[in-house]
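Below is one structure, written out as structure tokens, with a few remarks after it.
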Amino acid sequence: MSEELLINVSPMESRVAVLDNGVLGEVYIERHHKLGLVGNIYLGTVVRVLPGMQAAFVDIGQSRTAFLHVNDMQREPRPRANSNNKTVDATDEKPVSISAANLAVTPPVVSAQSTEIIATASKSLIQHRLHESQRILVQVTKDQLGSKGARLTTNVSLPSRYLVYLPSSDHIGISQRIDGSEERTRLKNELSSLMQTVNLQGGLIARTAAERVPVDKLEEDIYYLLQLWRTICARRQETKHNQSSELIYQELSLPLRSIRDLVHADTEKVIVDNTQVYEQIRYFAKEFVPFIYDRIVHYTAEQSLFDVHRVEEDLLDALKRRVDLKSGGYLIIDQTEAMTTIDVNTGSFVGGRSLEDTVYKTNLEATHAIARQLRLRNLGGIIILDFIDMLEQPHKDDVLESLKTQLTQDYAKSNITQVSELGLVEMTRKRTRESLGQQLCEPCSTCQGRGFVKTAETICFEIFREIMRCARTYNSPKTFTVVAHAAVIDLLLTSEADTVADLEYLLGRVVTFEVESLYTQEQYDIVLD
């Protein structure tokens, strides 16, 4: 599989498109006036602790307070005893005296189940760990989505090209995308050895890009991450006495982030259409991703980079509700607050041998389209897939296996269940930023996000009821002037003309009409004369 990265930069925004064999697979958009927060580290202020939710709201200087759940907080370290029979809490470094009477010579016998319950309860008591006005170092894991504030964690992680540094952990992990036990063992052993050599406190995760990378490159990454963490700690000390929340570390810009995170051995070319960003990327690549340096191309033609590769056209299609399949079938994608539903239909595809065969082929083709649309639209959270009902179990298994295979190309982590009795597949996909539709669109001012509007006939009946209500309330008006959309007025003067005449006779008043071109179909006014 060949891959290209297109980087389009304008004064308003930066956009990165990932092309898989010439087909748009993913797109990332960063508005310069509204930069993403994921990865940023703040010294925030706790504004409210909610024991009932085991969570807290933290002010990080954004329009909405951010959300921190107790499960996203690092475990408190065990107290360590000193020579003066005192315990020092590593969290606030305040000595706590321990009476000898409180120390049992023989520890009590506690069952494993009781120990687990006690540990869980201790971990969950957020009110014992946070209080209002407390300053706390947090990192953003999810951007603001709709009316919800950003999601936070105290488990800071710092990514580099090959590694992720976890200052508050002692875990050494390997990316699940790295296959082969020998390579995984090699990376784990080399990282363990390097951490001892550098005296690095914390944990490390080897990213997918670390596969078959020599040890000297891994060592360079470790030194870079160590220096970065020291800088963050120093910055925290400088700002800890400030009253307002402070940005301690800001994640790289989208173009540089895409070079760090998206480029791999199959990336044939990186095309950049901005001179300044092109130079920045070359400098960054030479320092951290040298193998891609010679593949970076500066695009200088007159025609837009995204137009040449049909990215703009694909982006417009990605905002549509319907996605057509080559066979004649189609998908219907509906995104709601709680979940996203994807419905598979045969459409004009009639197949050849039998209905079961037609359904099977349509569902198989749909798995490819679904996997692509999930990446392209960045759909996350709970996703319900409504495949066409299949009778044969091998067909159901093939469709599910095909979907899993297609999702292996996805950077976001997903979890798929079996096909339910109703023929539905439930899955989840990790969501860290807004979907494409949420980034580029807003609720319709006419339908208020409902996705439909009242018919002209319904508005006519509403107008009739409102006229009768006004006639009962006000005795003086002799004329009612209806101001409404052209479609509504046309219906009042044609199909509903008899009803208007009956209403005039019943009320003894005259009803006149006036078209307002600026009104939507649901808008109208009744003027009393």
Side-chain angles (χ1 to χ4, degrees), residues 12-13 27 29 31 33-34 63-64 143-149 312-325 329-345 347 369-370 373-374 376-386 424 429 431 433-470 480-497 499-500 511 513-527:
M12 305 81 66
E13 63 183 1
V27 64
I29 300 174
R31 302 277 167 84
H33 70 281
K34 185 183 176 183
S63 58
R64 300 187 187 93
D143 269 324
Q144 298 180 163
L145 300 174
S147 60
K148 299 177 182 178
E312 299 288 6
E313 185 178 338
D314 287 340
L315 284 178
L316 292 177
D317 290 338
L319 298 177
K320 295 178 181 178
R321 183 168 176 256
R322 172 169 169 157
V323 177
D324 291 320
L325 305 178
Y330 62 91
L331 310 177
I332 295 294
I333 302 176
D334 288 313
Q335 186 177 1
T336 67
E337 181 73 17
M339 67 182 69
T340 299
T341 61
I342 302 179
D343 183 32
V344 183
N345 299 276
I370 288 171
Q373 292 299 321
L374 292 179
L376 181 56
R377 301 178 186 228
N378 191 35
L379 300 174
I382 300 174
I383 301 168
I384 305 297
L385 309 178
D386 185 9
L424 304 177
R429 184 174 182 269
R431 174 170 54 191
R433 56 191 172 94
E434 292 181 315
S435 67
L436 187 65
Q438 291 170 329
Q439 277 189 300
L440 303 182
C441 304
E442 63 182 10
C444 172
S445 59
T446 300
C447 71
Q448 302 300 322
R450 299 194 308 270
F452 49 83
V453 296
K454 297 176 183 177
T455 65
E457 183 181 35
T458 300
I459 300 301
C460 287
F461 293 162
E462 286 187 8
I463 290 173
F464 293 150
R465 289 192 293 269
E466 185 63 24
I467 289 175
M468 294 178 66
R469 191 178 297 113
C470 291
F480 295 97
T481 301
V482 178
V483 183
H485 186 267
V488 175
I489 298 297
D490 288 343
L491 198 61
L492 289 168
L493 294 175
T494 54
S495 302
E496 300 299 332
T499 307
V500 173
V511 181
F513 305 99
E514 181 179 328
V515 174
E516 176 52 68
S517 59
L518 297 179
Y519 279 13
T520 64
Q521 186 162 292
E522 293 188 354
Q523 287 180 290
Y524 64 86
D525 283 312
I526 298 176
V527 181

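These numbers come from a predicted model, not from an experiment.
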Of the non-hydrogen atoms in [X] and [Y], which two are nearest, and what is the gap between them?
{"X": "Gly347", "Y": "Tyr330", "answer": "CA-CE2, 3.7 Å"}
{"X": "Leu376", "Y": "Asp314", "answer": "CD2-O, 4.5 Å"}
{"X": "Leu492", "Y": "Val500", "answer": "O-CG2, 3.7 Å"}
{"X": "Ala338", "Y": "Ile382", "answer": "O-CB, 4.2 Å"}
{"X": "Arg377", "Y": "Asp317", "answer": "NH2-O, 3.7 Å"}
{"X": "Tyr519", "Y": "Ala484", "answer": "CD2-CA, 4.1 Å"}

- Query: Around Gln448, counting heavy atoms of other residues, nucleotides and ligands shown, do more than 12 lie under 6.0 Å from its CD?
  - Reply: yes

- Message: Please check if the number of heavy atoms outside Leu424 that lie under 6.0 Å from its CG is greater than 12.
- Response: yes

From [atom1] ([X]) to [atom2] ([Y]), nearest 0.5 Å:
{"X": "Gln335", "Y": "Ile383", "atom1": "CD", "atom2": "CD1", "result": "9.0 Å"}
{"X": "Gln523", "Y": "His485", "atom1": "CD", "atom2": "NE2", "result": "9.5 Å"}
{"X": "Leu436", "Y": "Leu315", "atom1": "CG", "atom2": "CG", "result": "6.0 Å"}
{"X": "Glu496", "Y": "Ile489", "atom1": "CD", "atom2": "CD1", "result": "12.0 Å"}
{"X": "Ile333", "Y": "Gln373", "atom1": "CD1", "atom2": "CD", "result": "4.5 Å"}
{"X": "Asp334", "Y": "Thr336", "atom1": "CG", "atom2": "OG1", "result": "8.0 Å"}

Could you tell me whether the side chain of [Y] reaches within less than 4.5 Å of the side chain of [X], counting heavy atoms only?
{"X": "Thr341", "Y": "Asp386", "result": "no"}
{"X": "Gln144", "Y": "Ser63", "result": "yes"}
{"X": "Leu385", "Y": "Val344", "result": "no"}
{"X": "Tyr524", "Y": "Ile459", "result": "yes"}

- Item | N/O donor-acceptor pair under 3.5 Å between Thr494 side chain and Asp490 backbone | yes

- Counting N and O atoms only, with roles assigned by atom type, does the side chain of Arg429 sit under 3.5 Å from a partner on the main chain of Leu379, one being a donor and the other an acceptor? yes

- Query: Can you list the residues that meet the side-chain hydrogen bond (donor to acceptor under 3.5 Å, both in side chains) rule with Glu522, with sequence neighbours excluded?
  - Reply: Arg450

Using distance only, find each side-chain donor-acceptor pair of residues 437-446 under 3.5 Å and give its atom names and separation, not counting sequence neighbours.
residue : atom : partner : partner atom : Å
Gln438  : OE1  : Ser435  : N            : 3.0
Gln438  : OE1  : Ser435  : OG           : 3.4
Gln439  : NE2  : Ile29   : O            : 3.0

- Message: Determine whether Leu374 and Ile342 satisfy the following criterion, side-chain contact (heavy atoms from CB on, under 4.5 Å), listing intermediate values before the conclusion.
- Response: CA-CA 10 Å; Leu374 292 179; Ile342 302 179; 4.2 Å; yes

- Item | Step-by-step side-chain contact (heavy atoms from CB on, under 4.5 Å) determination, Arg433 to Asn378 | CA-CA 8 Å; Arg433 56 191 172 94; Asn378 191 35; 3.2 Å; yes

